[in-house]
*Asks:* 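The structure under discussion is supplied below as C-alpha cells; questions concerning it will follow.
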Amino acid sequence: MTTIAPEEPALEAVFDATVAADERIEPRDWMPDAYRSTLVRQIAQHAHSEIIGMQPEANWITRAPSLRRKAILMAKVQDEAGHGLYLYSAAETLGTSRDELLDKLHTGRQKYSSIFNYPTLTWADVGAIGWLVDGAAITNQVPLCRCSYGPYARAMVRICKEESFHQRQGYELLMALSRGTEAQHAMAQDAVNRWWWPSLMMFGPPDDESAHSAQSMAWKIKRHSNDELRQRFVDICVPQAEALGLTLPDPDLTWNEERGHFDFGPIDWAEFWDVLKGNGPCNEQRISRRRRAHEDGAWVREAAAAHAAKHGKADR
Amino acid sequence: MTNLTLTPALALGDDALVLSHRLGEWAGNAPVLEEEVALANIALDLLGQARILLSLAGDEDELAYLREERQFRNLQLVEQPNGDFAHTIARQLYFSVYQQLLFDHLATGGTELAPLAAKAVKETSYHRDHAEQWTLRLGDGTDESHTRMQRGLDALWRFTGELFEPVDGLDAPWAALHDEWTTRITALLERATLTLPQGPQRGAWTAGGGRQGLHTEPFGRMLAEMQHLHRSHPGASW
Amino acid sequence: MTTPRPADTPAVPAAARPTEWPLWEVFVRSRRGLSHTHAGSLHAPDAAMALRNARDLYTRRSEGVSIWVVPSTQVTASSPDEKDAFFEPAGDKPYRHPTFYEIPDGVQHL
C-alpha cells in the first residue's frame with residue numbers, strides 16, 4: 001500500500017481538533033513534540049512522586065501501633081508502588097523507557113513532588129499524609145482522569161479509584177488520635193501544623209508565576225489552574241478539620257461571603273523554592289535511599305535477565 | 001494478659017506475624033517495582049493469617065505488642081533479618097514449602113485451625129511459587145546470583161530442623177512432613193543448579209528453640225521497634 | 001514529512017540497557033463470560049514472571065479471573081495514518097447492522 005505522508009500542518013490540525021473535541025490522543029497519533037515532552041516530564045514526575053512517596057510512609061510500617069493499622073499502611077505503600085508502575089507504563093507509550101526515567105530521577109534531572117522531602121516524625125504524620133497530602137493529590141488528579149492523553153487518563157482513572165481509601169484511612173487515623181488521649185491529640189495537632197502549609201504548596205506556584213500552565217491548559221493535560229485547585233482544597237479541608245477537632249495553623253483562615261470561598265494567609269514561597277532546589281529536610285536522604293535500592297537490586301535484575309536468555313522459551 | 005499456654009494458634013500466628021514484619025521491611029527497598037508489589041502481597045497475606053490466628057489465642061494487639069521476647073513462639077527461621085534478596089528468598093522458600101505442607105494437612109483435619117488453613121493454603125502455595133520462581137532464576141542466573149543464593153540457603157539451613165519439631169496440641173505427621181519437605185527442596189535446588197546444604201539442621205544451643213521462647217539476638221531489636229509506639233501509650237486506642 | 005513515531009509500546013533496544021526487563025502487555029478477564037481487556041503493562045524477565053507480576057499488580061483487588069500476558073514487541077498495531085483506509089470502508093455498510101432493516105410492528109422474535 002502506498003501512503004502519502006500528510007504534511008505537518010494537516011496533522012497538527014487533526015491533533016488540535018481532537019483535543020478541542022475533548023477526545024483522547026492515543027500513543028500512535030501524531031502529536032507536537034512539545035506536547036510529547038511536556039507529557040513525559042509530567043507523567044514521570046508523577047511516577048517518581050509515587051515511588052519516592054513510599055519512603056516517608058514506609059518509615060512507619062515497622063512501628064504501626066496496631067495490626068489493623070499495619071495492614072492498612074502496608075497496603076497503601078504497596079498501592080503507591082503499583083501507581084508508580086502504572087504511570088511509568090503510561091510514560092513508556094511516549095517512547096521513553098522506565099530505566100531512562102529512573103536514571104533521570106536518580107541523577108536529579110527529573111523532579112518529584114517536594115512534599116516528600118518533609119520527614120514523618122510521628123505516627124500522626126501517617127494520618128496527616130493520608131488526609132492532607134493524599135487529599136491534595138486527589139484534588140489534583142481527579143481532573144486528570146479527563147486529560148487529553150489516553151494512557152495517562154486511563155492510569156489516572158485506575159489510580160483515583162484505588163486511592164479513594166488512602167485519604168479516608170488517614171482521616172480515620174487522625175480522628176482516632178484526636179479523640180484519644182491528650183498525648184495522642186497533641187500528636188495529631190502537631191502533625192497537622194507541620195503538613196498543612198506544605199500541602200498547599202503541592203498545587204504549585206501561583207498562576208501568575210507558573211511556567212508551563214497556559215500551554216498545558218490548552219493541551220488539556222492540565223485542566224484547572226494551580227490557584228483554583230488550591231482554593232478548592234482549602235474549602236474542602238476547613239469543615240473536615242473542624243469535624244476532626246483539630247485546628248488548621250492559619251490565623252487568616254476566614255469565610256469570605258462575597259467570594260464564597262475561604263480566604264487564607266500567605267504561603268511561604270521562599271520555602272517552596274528552597275525545598276525544590278534541594279534544600280528540604282529529606283531531599284538527599286530520599287534520593288540516596290532510592291538510588292541504593294536500585295543499585296542493590298541490579299544483580300537481581302541481571303540474574304533474571306540472564307536466566308531468561310539461557311532458558312528462552314523453555315520456561316514459558 | 002492473655003493466657004500464654006502454647007496453643008498451636010499462637011505458634012503459627014507468631015510465625016506469620018514475624019515473617020510479615022520482616023517482609024514489611026522491604027517496602028521501598030525491593031530490586032524492582034514489580035517485586036515491591038509481590039513482596040507486599042505476601043506480607044499482607046501473612047499479616048492476615050497472623051491476625052486470625054492470634055485472635056484465636058487472645059487479643060491480637062495485646063499478643064503482638066505486649067509480650068516479651070521470651071513469650072513469642074515463632075520459629076527462629078522467620079525472625080532472621082532479611083539480608084540480601086537471595087537471603088530473603090531462601091527464607092521464603094524454606095518457610096513456604098513447610099507452611100504449605102502443614103496447612104494442607106491441617107485443612108483436612110477437624111481442628112479449629114481447619115477453616116483458616118483451608119483459606120491460607122491458597123495464599124501459601126502462591127508464596128511457595130514465588131520463592132521457587134526466584135530460586136530458579138537466582139540459582140541459574142549469573143555467577144553472582146548463584147553464589148548469593150547458595151550462601152542464603154546455607155546460612156539459614158541450621159534453622160530448618162525446627163520446622164518439624166512437634167508443636168504441642170498440633171497433631172501432624174511431623175517426620176513425614178519433613179521427608180516431603182526435603183524431597184521438594186532437593187528437587188527444586190537441583191533444577192536451580194544449587195546444592196542442598198549439608199551440615200546440621202539445628203545449632204548447638206538455642207537454634208531450634210523458638211517454639212519454647214528461645215530466640216536469636218536480632219529478634220529483640222525487631223520487637224523493640226515493633227512494640228515501642230504501642231507501649232509508649234498504655235491503654236490508648238489507635 | 002513525519003518523523004517515525006513509536007508504536008504504542010515501543011521496544012527498548014536491548015543492547016543499550018542489558019538489564020532492563022522487556023515490557024509486557026497485560027489483558028485481564030474480569031469475570032467469566034467477558035473477554036480479556038487490556039489492563040496495562042509491566043516489566044518482567046520472562047513470561048512466567050510476567051504472569052505472576054500481572055496477578056500481583058492488576059488483580060490485587062480481585063479484578064480478574066484470568067490473565068494473558070503478551071510481549072509488547074509482539075503486538076502489531078494498525079497505524080492511525082491509515083485510519084481512513086482501514087476503518088472508513090466499514091462506515092458505509094449499514095446493512096451489516098440490524099437497525100438497517102424495517103420490520104412491520106407486531107412481528108416478534110426477529
*Asks:* Pick one of side chain, backbone, both or neither for I51(A), based on which atoms fall under 4.5 Å of a heavy atom in chain B.
*Replies:* side chain
*Asks:* Of the backbone (N, CA, C, O) and the side chain (C-beta and beyond), which part of L17(B) lies under 4.5 Å from a heavy atom of chain A, both, or neither?
*Replies:* side chain
*Asks:* With a 4.5 angstrom heavy-atom cut-off, could you sort out which part of R68(A) is near chain B: side chain, backbone, both or neither?
*Replies:* both
*Asks:* Is E34(B) salt-bridged to R301(A), going by a charged N under 4.0 Å from an acidic O?
*Replies:* no
*Asks:* I need the contact set between residues 231-238 of chain B and chain A: heavy-atom distance under 4.5 Å, sorted by residue number.
*Replies:* H233(B), A236(B), S237(B), W238(B)
*Asks:* Are R289(A) and N29(B) close enough that a side-chain donor and a side-chain acceptor fall under 3.5 Å?
*Replies:* yes
*Asks:* Report the option among E25(B), M222(B), E60(B), R51(B) that has the most heavy-atom pairs separated by less than 4.5 Å from atoms of chain A.
*Replies:* R51(B)
*Asks:* Side chain from CB out, backbone as N, CA, C, O: work out which of these in A50(B) comes under 4.5 Å of a heavy atom of chain A, or both, or neither.
*Replies:* neither
*Asks:* When you check the side-chain N and O atoms of E225(B) and T62(A), is any donor under 3.5 Å from an acceptor?
*Replies:* yes
*Asks:* Which atoms of L177(A) come close to chain B, meaning under 4.5 Å heavy atom to heavy atom: side chain ones, backbone ones, both, or neither?
*Replies:* side chain
*Asks:* If you tally heavy-atom pairs under 4.5 Å against chain B, which of E172(A), K70(A), E302(A), Q55(A) wins?
*Replies:* K70(A)
*Asks:* When rounded to the nearest 0.5 angstrom, what is the spacing between CG in L47(B) and CE in M74(A)?
*Replies:* 5.5 Å
*Asks:* Non-hydrogen atoms of chain B under 4.5 Å away: do they reach the side chain of T181(A), the backbone, both or neither?
*Replies:* side chain
*Asks:* Check each atom of D143(B) against the heavy atoms of chain A and say whether the ones under 4.5 Å are side chain, backbone, both or neither.
*Replies:* neither
*Asks:* Name the region of L85(A), side chain, backbone, both or neither, that has any atom closer than 4.5 Å to a heavy atom of chain B.
*Replies:* both
*Asks:* Could you pull out the closest heavy-atom pair between A27(B) and I61(A), with the gap in Å?
*Replies:* CB-CD1, 3.7 Å
*Asks:* So for V77(A), is it side chain, backbone, both, or neither that comes closer than 4.5 Å to the heavy atoms of chain B?
*Replies:* side chain
*Asks:* R137(B) pairs by side-chain contact (heavy atoms from CB on, under 4.5 Å) with which of H307(A), K310(A), H311(A)?
*Replies:* H307(A)
*Asks:* What option among E144(B), M149(B), Q227(B) has the most heavy-atom pairs under 4.5 Å with chain A?
*Replies:* E144(B)
*Asks:* By a 4.5 Å heavy-atom criterion (distance strictly below it), what part of H21(B) contacts chain A: side chain, backbone, both, or neither?
*Replies:* both
*Asks:* Given heavy-atom pairs under 4.5 angstrom as the criterion, report whether the side chain, backbone, both or neither of L33(B) touches chain A.
*Replies:* both
*Asks:* Need one label for F85(B): side chain, backbone, both or neither, based on atoms under 4.5 Å from any heavy atom in chain A.
*Replies:* both
